[in-house]
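These notes concern the structure reproduced below.
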Number of protein chains: 2
Amino acid sequence: MTLYDVAREADVSTATVSRVLHGHDRVKASTRQRVLDIIEALGYVPDGAAQSLSRKRKQIVGLIAVESRGPGSDIEQTSLLFLEEVLRGVESPVGDIGWSLLISFMVRDDTAYARLQSMSGKVDGLLISEGIVSSPELATLARRLPIVLVAGSPDEPNVDVVDADNRTGTRALVCHLVEVHNATRLYYVAGPDEAPDARARRNAFDEELARHPGVTACGYFEGRFASSGGKLAAQEILATPRRDRPDAVVCANDQMAIGAMRELQANGVAVPTDIAVVGFDDIYSGALVTPSLTTVSQPMRLLGERACSRLLERIADPALPHQVELLPTRLVIRESCGCAAAPAALVQDRVQR
Amino acid sequence: MTLYDVAREADVSTATVSRVLHGHDRVKASTRQRVLDIIEALGYVPDGAAQSLSRKRKQIVGLIAVESRGPGSDIEQTSLLFLEEVLRGVESPVGDIGWSLLISFMVRDDTAYARLQSMSGKVDGLLISEGIVSSPELATLARRLPIVLVAGSPDEPNVDVVDADNRTGTRALVCHLVEVHNATRLYYVAGPDEAPDARARRNAFDEELARHPGVTACGYFEGRFASSGGKLAAQEILATPRRDRPDAVVCANDQMAIGAMRELQANGVAVPTDIAVVGFDDIYSGALVTPSLTTVSQPMRLLGERACSRLLERIADPALPHQVELLPTRLVIRESCGCAAAPAALVQDRVQR
DNA sequence: CTGTTAGCGCCTTCAA
DNA sequence: TTGAAGGCGCTAACAG
């Protein structure tokens, strides 16, 4: 079932069928209808590969998702909402213009680059959700095809980057803790140092502390974005004498915050009364736990959308200058920071968003 | 940068380059090395479209995800873990053999069939995550290319189906409520009737009730799998005199169960003391709420894996007879059914059937 | 072991 | 308004 079959059946040339298929050129109405009927009757569907080859454009963008941040991170929670939301964001602009989305999960290992290369032969552009390859490798790839980093390091040269404004978000959160709740001793639970967003958040934490004389970081812990990381951090805190404990625990993401909170509570520490706990990401579960989690919301869907749109622009015009786009985050104040519980109705609404 | 460039540079024919590229034929070691070097130096990557066209195989499978179950359902929660987990499950067999995954979100509307058709021209087989097109349309598509329904209706002819065993799972849950907690009045919160899994669960509920004389269904509510549905059902329950209320509320999924539970609690009804509430799916948040949610766990990742493997088999041999595969579910007993809080480890190990 | 040569299915000038 | 024909980049017989 090819274009030729349709052409023969309709007694026209393949060029005409092609024209009809795309509404492009002017074709006599009667001819058009005849061809359309045949197409319908035969159930003809054009072959994507042949179209791609001929047009020299695959009309496909690739999305590379990190499979895991390494041992000790529970995948299901880690990138959970992240991938799902970003995915939907990405699919929207892509689907709107009739293109497709090719997705692949990768781990940051020595095969990653080769897999990326092979992928680069199947798409018109690549969306990479984090630095899973080294910067020079990225540069090489970027020479072959347009690449946009989603939530990647904003300092990466040679590619476009779209990211949430981790810095402003973290600083707003810390500022809230310090100025509203008078916290003076903060404990930070960081994400893995390889993750650009983890680094950005941690740096912002330090930065904001520096702005508040008298406020100190009384401890750091590096987790892997999994709830177990928060748990371990909490145990570390529990092991110190009561008077050396922090006023608040700031976590690089919600999973760790929830893990920390539960561990503290399980050991008789009241949250937020004894110690406040806050996270980052605003995952669904954060609104459900007790106390509900104060956190920072990232526009994940928008992240996907913007990244994809930029990629599309760049595919259309490869000469475009590289750009970094930071999307605004939003402080979500709930109970775990020490703020009063919101009326139930409000909470409900937030759950359903 | 094509195969020809490499061939010219290495002073061999394109056939040889192709051979080297695939390790297929025997090529003299020295020649092979020379070609390999040139490939490396030039940074050559084969064009996927050309390969597909030539091989008459695209080495791509398509995954169709439902965008939403219609108004009133909150997407982020509905297919939440579902899509993410299934996706990972699917990607695994696909990636193992070097194929790719094309993904597309669709709504069940009048454009769905057309979009599916166009997608069918870009892949070797299709994974459809639910009945978004009518049965006859499905049959037509299935004639053109292999199709596997993921969590679709097991009675669909002409396609393979891989699904969780909703029936056994639901029955085990109801049975637990009746036999362990002596529930006699059950209220059922169903999912939308168009959803095959919603129907399967509801039917299983009725079926199990029929097996227990003296136990009655004291009410039904049809939600759309969103937490707001559970909330509405709860309001309905709250509107009835205390003595007419159910012993337990069985929900077709966890979101609705959580919604119902929160609404009951907000109105002074203790869960599970006054009324027990149970769900289905075992989403992450279920373990976090208070009381923790008793539910049924579906092997979502496995679902994706099995569905994809079957699709691959069918692509390899289209003559294969159609099959339905039901994957075992697991009862996850926590607190909301009335059981005492159990150590996490125990719950994990309690495998059903 | 290596080269020659048809296609694969569609698009797109260039002519008519 | 329509047709003829040359690619697009790669694979796979078939020869040598």
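In this text, all values refer to a predicted model and were calculated from it rather than measured experimentally. So that the names make sense, note that chain A is the first sequence line, chain B the second, and so on, each numbered from 1.
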Atom-to-atom span, CG of B:Asp11 to P of C:dC1 - whole angstrom = 19 Å

To the nearest 0.5 Å, atom CD1 of A:Ile60 lies from atom CD1 of B:Ile60 at 5.0 Å

Donor-acceptor pair between B:Asp47 and B:Gln51 side chains, under 3.5 angstrom = no

Looking for any heavy atom pair under 4.0 Å, which part of the strands does B:Val17 touch: base, sugar-phosphate only, or nothing?
-> nothing

Indicate yes or no: does B:Arg88 engage B:Glu84 in a salt bridge with an N to O separation below 4.0 Å.
-> yes

Using the C1' atoms of five pairs at each end, what's the angle between the two axes of the helix from C:dC1-D:dG16 to C:dA16-D:dT1, to 10 degrees?
-> 30°

Nucleotide by nucleotide, 5' to 3', does protein get under 4.0 Å of the base (B), only the sugar-phosphate (S), or neither (-) in nucleotides 7-12 of chain C, counting heavy atoms?
-> BBBBBB

So with a 6.0 Å cut-off around CG of B:Asp5, is the heavy-atom count from everything else above 12?
-> yes

Give a yes or no on whether a salt bridge exists between A:Arg108 and A:Glu194, defined as a side-chain N under 4.0 angstrom from a carboxylate O.
-> no

Would you kindly say whether B:Gln59 and B:Ser100 are connected by a side-chain donor-acceptor distance under 3.5 Å?
-> no

Base, sugar-phosphate, or nothing for B:Thr31, non-hydrogen atoms under 4.0 angstrom?
-> sugar-phosphate

Length of the line joining B:Lys28:NZ and C:dG3:C1', which is rounded to integer Å | 14 Å

Where do A:Leu311 and A:Asp124 land on the side-chain contact (heavy atoms from CB on, under 4.5 Å) test, with the steps shown first?
-> CA-CA 9 Å; A:Leu311 181 62; A:Asp124 293 318; over 6 Å; no

Judged by atom type as modelled, is there a donor-acceptor pair below 3.5 Å linking the side chain of B:Glu137 to the main-chain atoms of B:Ser134?
-> yes

